[in-house]
Amino acid sequence: MASALWGQSAPVQTYRIVKAYPHDSGAFTEGLEFHNGALWESTGLNGQSSIRKVDLATGKVLENHPLSTLYFGEGITFFGDRLFQLTYMSGIAFVYDPKTFRQLQSFHYSGEGWALTHDAKRLIMSDGSSALRFLSPSDFHELGRLVVRDAGRLVTNLNELELIDGEIWANIWTKEIVARIDPVTGDVKSWVDFAGLRHDAGCTTACDVLNGIAYDSARKRIFVTGKNWPKLFEIQVSGTKPGNPRP
């Protein structure tokens, strides 16, 4: 029976734009969160990395915490009253008080840091491979790994993460698609094909790839954007369509 799964693929879903918002085209988006009524964004590149608190409606940066030029900022997530941030190749994660941006702790990890989200008990980290790491929020100790597959095939370049209604959503780096992943089995339940969203953002050659997923759990709103995109979108997943956008 298992062999019959080979060659099959999770269904492909489309999207519709609910609303568009301004987004700083100078933001090389690496992480995106919706927390306490505001957007929080981590930007990358050495010398340009920061964590920002952003007004959703206007795109205005309300607060800004730049990182040392030594670090390339990556994914962020909140756990309780703490804000966690990864760095790309430095192997270090920072923990902040989001009210003051005061650094509370730092943790070391092996390999690259790409993105963060969390469930009720654990942090969930991507590193660009096909595996997601489950980490203790108290000391960053690794609790386990989840290998992501579609029809038995490994899905690599897992990047920006968000936990949405019990599913792990993962942007696939350089692709205009997002995987909806079962957090127990690692199977891709469906793909959301965002082809066309870059055009809707009014992107030029200055825009980089799709990257950035945030979820307002109170109002069930999903937000997506990209690196250096001039717009951020609230979207809804709509129907399914034929095709196979899987990487």
Side-chain angles (χ1 to χ4, degrees), residues 1-15 31-34 74-79 84 86 93 109-138 140-195 210-217 220-224 235-247:
M1 179 65 71
S3 61
L5 294 175
W6 288 89
Q8 296 181 8
S9 177
V12 181
Q13 298 180 288
T14 57
Y15 69 94
L32 198 67
E33 289 282 307
F34 189 88
E74 284 283 352
I76 56 172
T77 198
F78 285 86
F79 193 92
F84 290 75
L86 298 176
Y109 53 87
S110 62
E112 297 179 358
W114 284 39
L116 276 176
T117 189
H118 71 276
D119 60 19
K121 297 181 179 180
R122 307 164 297 181
L123 301 176
I124 306 170
M125 170 183 165
S126 65
D127 59 14
S129 70
S130 60
L132 299 175
R133 308 182 196 185
F134 295 111
L135 305 170
S136 165
S138 62
F140 239 63
H141 174 71
E142 187 170 321
L143 303 171
R145 296 198 179 197
L146 182 73
V147 177
V148 178
R149 294 182 173 90
D150 179 15
R153 303 178 188 181
L154 294 177
V155 178
T156 59
N157 288 327
L158 299 171
N159 196 8
E160 164 70 346
L161 303 173
E162 187 73 16
L163 192 76
I164 300 178
D165 289 340
E167 298 176 341
I168 302 171
W169 286 40
N171 178 80
I172 309 301
W173 182 56
T174 77
K175 306 292 184 181
E176 295 181 315
I177 56 173
V178 167
R180 299 175 64 172
I181 302 162
D182 185 311
V184 176
T185 66
D187 292 332
V188 176
K189 298 170 68 175
S190 66
W191 298 95
V192 185
D193 184 359
F194 284 106
L210 175 79
N211 199 52
I213 312 168
Y215 184 52
D216 175 6
S217 59
K220 305 293 184 181
R221 296 186 296 174
I222 301 171
F223 304 103
V224 295
I235 63 96
Q236 284 185 346
V237 174
S238 50
T240 58
K241 67 177 187 178
N244 184 3
R246 151 179 85 192

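Along the sequence shown, residues are numbered consecutively beginning with 1.
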I want to check something: taking the side chain as every heavy atom from C-beta on, are Lys175 and Asn159 in contact at a cut-off of under 4.5 Å? no
Can you tell me how far the CD1 atom of Ile172 sits from the CG atom of Leu210, to the nearest 0.5 Å? 10.0 Å
Nearest heavy-atom approach of Ala179 to Trp191 is CB-CZ3, 3.6 Å
Nearest 0.5 angstrom please: Arg145 CZ to Met125 CE, how far? 8.0 Å
Per the side chain to side chain contact (heavy atoms under 4.5 Å, CB included) rule, which among Val178, Leu161, Thr117, Leu163 passes with Ile213? Val178
Taking all heavy atoms of Leu116 and all of Glu33, pick out the closest pair and write down the distance. O-OE2, 4.4 Å
Is there a side-chain contact between Phe84 and His118, using heavy atoms and a 4.5 Å cut-off? no
Nearest-0.5 Å distance that lies between atom CD in Glu162 and atom CD1 in Ile124: 10.0 Å
Under 4.5 Å between any side-chain heavy atoms of Tyr109 and Leu86, yes or no? yes
Taking the side chain as every heavy atom from C-beta outward, state whether Lys220 and Asp165 have any pair of such atoms under 4.5 Å apart. yes
Which heavy-atom pair separates Gly212 from Leu32 by the least distance, and what is that distance? C-CD2, 3.9 Å
Which heavy-atom pair separates Pro183 from Glu167 by the least distance, and what is that distance? CD-CA, 4.4 Å
Close side-chain approach of Arg133 and Ser110, heavy atoms under 4.5 Å: yes
Evaluate the side-chain proximity of Thr14 to Val237: yes if any heavy-atom separation is below 4.5 Å, no if none is. no
Sub-4.5 Å side-chain heavy-atom contact between Trp169 and Ile181: no
Can you tell me how far the CG atom of Leu146 sits from the CG atom of Asp187, to the nearest 0.5 Å? 9.0 Å
dist Arg122:CZ -> His141:NE2 (nearest 0.5 Å) comes out at 12.5 Å
Using every non-hydrogen atom in the two residues, find where Lys189 and Pro11 come nearest and quote the distance to one decimal. O-CD, 3.3 Å
Any donor-acceptor N/O pair, Ser126 side chain to Ala115 backbone, under 3.5 Å: yes
Tell me if a side-chain donor or acceptor on Asp150 pairs with a main-chain N or O of Val155 at a distance below 3.5 Å. no
Test item: Ile222 and Tyr215 side chains (from C-beta on) under 4.5 Å apart, heavy atoms: yes
How many angstroms lie between atom CG of Leu123 and atom OG of Ser138, to the nearest 0.5 angstrom? 9.0 Å
Might you work through the side-chain contact (heavy atoms from CB on, under 4.5 Å) test for Leu158 and Trp114, ending with a clear yes or no? CA-CA 8 Å; Leu158 299 171; Trp114 284 39; over 6 Å; no
Smallest heavy-atom separation, Ser238 atom then Gln13 atom, equals O-NE2, 4.2 Å
